[in-house]
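See structure below.
Along the sequence shown, residues carry numbers from 1. Note that the structure is predicted; figures quoted are calculated from it, not measured.
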Amino acid sequence: SEVATDFDRVSEKVVKLADTFSQERSHAERSLDKADRMCTLILLGSLLASVAIATLIAAWISKAIAQPLESTTAFAQRVTLTSDFKLTAPVTTNDEVGRLTTSLNKMIQRVASYTEELHQTQAQLVQSEKMSSLGTMVAGIAHEVNNPVNFIHGNLQHVNNDVEELLALVRLYQKQYPNPPIQIKEQAEAIDFDFLAEDLPK
């Protein structure tokens, strides 16, 4: 019958449509798998590229930070080893490392100033110690000289009186014995008694 024929045609069309749908579905699943693999590859590739870029940026940043720090550290070690506080580190950046280098230069200037003050103080202490030692020595010498000088000074008047008395006694002998024996005359001339009698009281 016609209905059966139409049903067969529709049925064939449905079977063809189902086959087409099945083929399309297989094709779509293969395309989906392919797209999934492509997505995974793209994801892995972008992940690897991101890691490589991040590594390069980290290395560059590390070098940009570490190089000025290393040069500042090397400079500080050189100043410490040579004790040359006239050196100044070059400030190459305006970031934290630059501020650190500026602070290091200021600290070196302060250490140089303190070292100079220390040397001056040390020289003053040495000079003061020398003067103290010299003062002690001079005081000792003055004490040692003072004792005999005081002794001499204290006895000068007595010596002067004794000399005057001895000279008066000799003059008295000369008056009483105007012509002494030859030996006494020769001795008086040998010692130049007249000059001695005049000079000794002086």
Side-chain angles (χ1 to χ4, degrees), residues 1-140:
S1 76
E2 264 184 50
V3 173
T5 308
D6 284 341
F7 183 76
D8 276 342
R9 268 189 278 142
V10 170
S11 176
E12 283 177 17
K13 284 184 183 179
V14 168
V15 168
K16 283 183 186 178
L17 189 61
D19 284 342
T20 305
F21 177 73
S22 178
Q23 287 174 2
E24 294 265 337
R25 184 175 177 187
S26 286
H27 181 63
E29 285 177 354
R30 284 194 302 270
S31 293
L32 186 61
D33 286 343
K34 196 174 182 183
D36 280 344
R37 284 194 300 272
M38 184 64 82
C39 183
T40 303
L41 286 175
I42 289 172
L43 187 62
L44 285 174
S46 64
L47 184 64
L48 287 174
S50 297
V51 167
I53 290 171
T55 303
L56 289 174
I57 290 174
W60 180 77
I61 290 174
S62 169
K63 184 177 179 185
I65 292 173
Q67 186 177 8
L69 281 176
E70 287 174 359
S71 67
T72 302
T73 303
F75 175 79
Q77 289 173 344
R78 187 174 65 181
V79 168
T80 303
L81 290 175
T82 60
S83 297
D84 185 4
F85 300 114
K86 294 177 184 172
L87 298 175
T88 54
V91 180
T92 56
T93 59
N94 291 329
D95 57 2
E96 288 81 9
V97 176
R99 288 194 290 276
L100 175 68
T101 306
T102 303
S103 299
L104 176 67
N105 287 336
K106 288 180 181 177
M107 186 174 70
I108 289 171
Q109 289 173 353
R110 285 187 182 169
V111 168
S113 174
Y114 292 148
T115 303
E116 182 63 29
E117 288 178 17
L118 180 65
H119 286 314
Q120 289 177 355
T121 304
Q122 188 177 18
Q124 288 174 350
L125 284 173
V126 169
Q127 186 67 21
S128 175
E129 187 64 29
K130 285 180 181 177
M131 292 304 289
S132 174
S133 298
L134 184 62
T136 304
M137 184 180 73
V138 168

Can you tell me how far apart [atom1] ([X]) and [atom2] ([Y]) are? Round to the nearest 0.5 Å.
| X | Y | atom1 | atom2 | value |
| --- | --- | --- | --- | --- |
| M38 | D36 | CE | CG | 11.5 Å |
| C39 | D33 | SG | CG | 12.5 Å |
| L118 | S113 | CG | OG | 11.0 Å |
| L47 | I42 | CG | CD1 | 13.5 Å |
| M107 | T102 | CE | OG1 | 12.5 Å |
| L17 | S11 | CG | OG | 11.5 Å |

- Query: Among all residues two or more places apart in sequence or in another chain, which pass the side chain to side chain contact (heavy atoms under 4.5 Å, CB included) test with Q122?
  - Reply: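 Once residues adjacent in sequence are excluded, the partners of Q122 under the side chain to side chain contact (heavy atoms under 4.5 Å, CB included) criterion are H119.
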
- Output every pair passing salt bridge (Lys or Arg N to Asp or Glu O under 4.0 Å) with a member in residues 9-22, not counting sequence neighbours, ordered by first then second residue. D6-R9

- Query: Looking only at atom types and distance, does a side-chain atom of S22 sit under 3.5 Å from a main-chain N or O of A18, one as donor and one as acceptor?
  - Reply: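 No, the answer is negative, given that no donor and acceptor are paired below the 3.5 Å cut-off.
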
- Does the S132 side chain pair with the main chain of S128, one donor and one acceptor, at a distance under 3.5 Å?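 No; zero donor-acceptor contacts below 3.5 Å.
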
- Item | For R30, all residues meeting side-chain hydrogen bond (donor to acceptor under 3.5 Å, both in side chains), sequence neighbours excluded |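 Checked R30 against side-chain hydrogen bond (donor to acceptor under 3.5 Å, both in side chains); zero matches.
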
- Query: Do V111 and T115 touch side chain to side chain, with heavy atoms closer than 4.5 Å?
  - Reply: yes

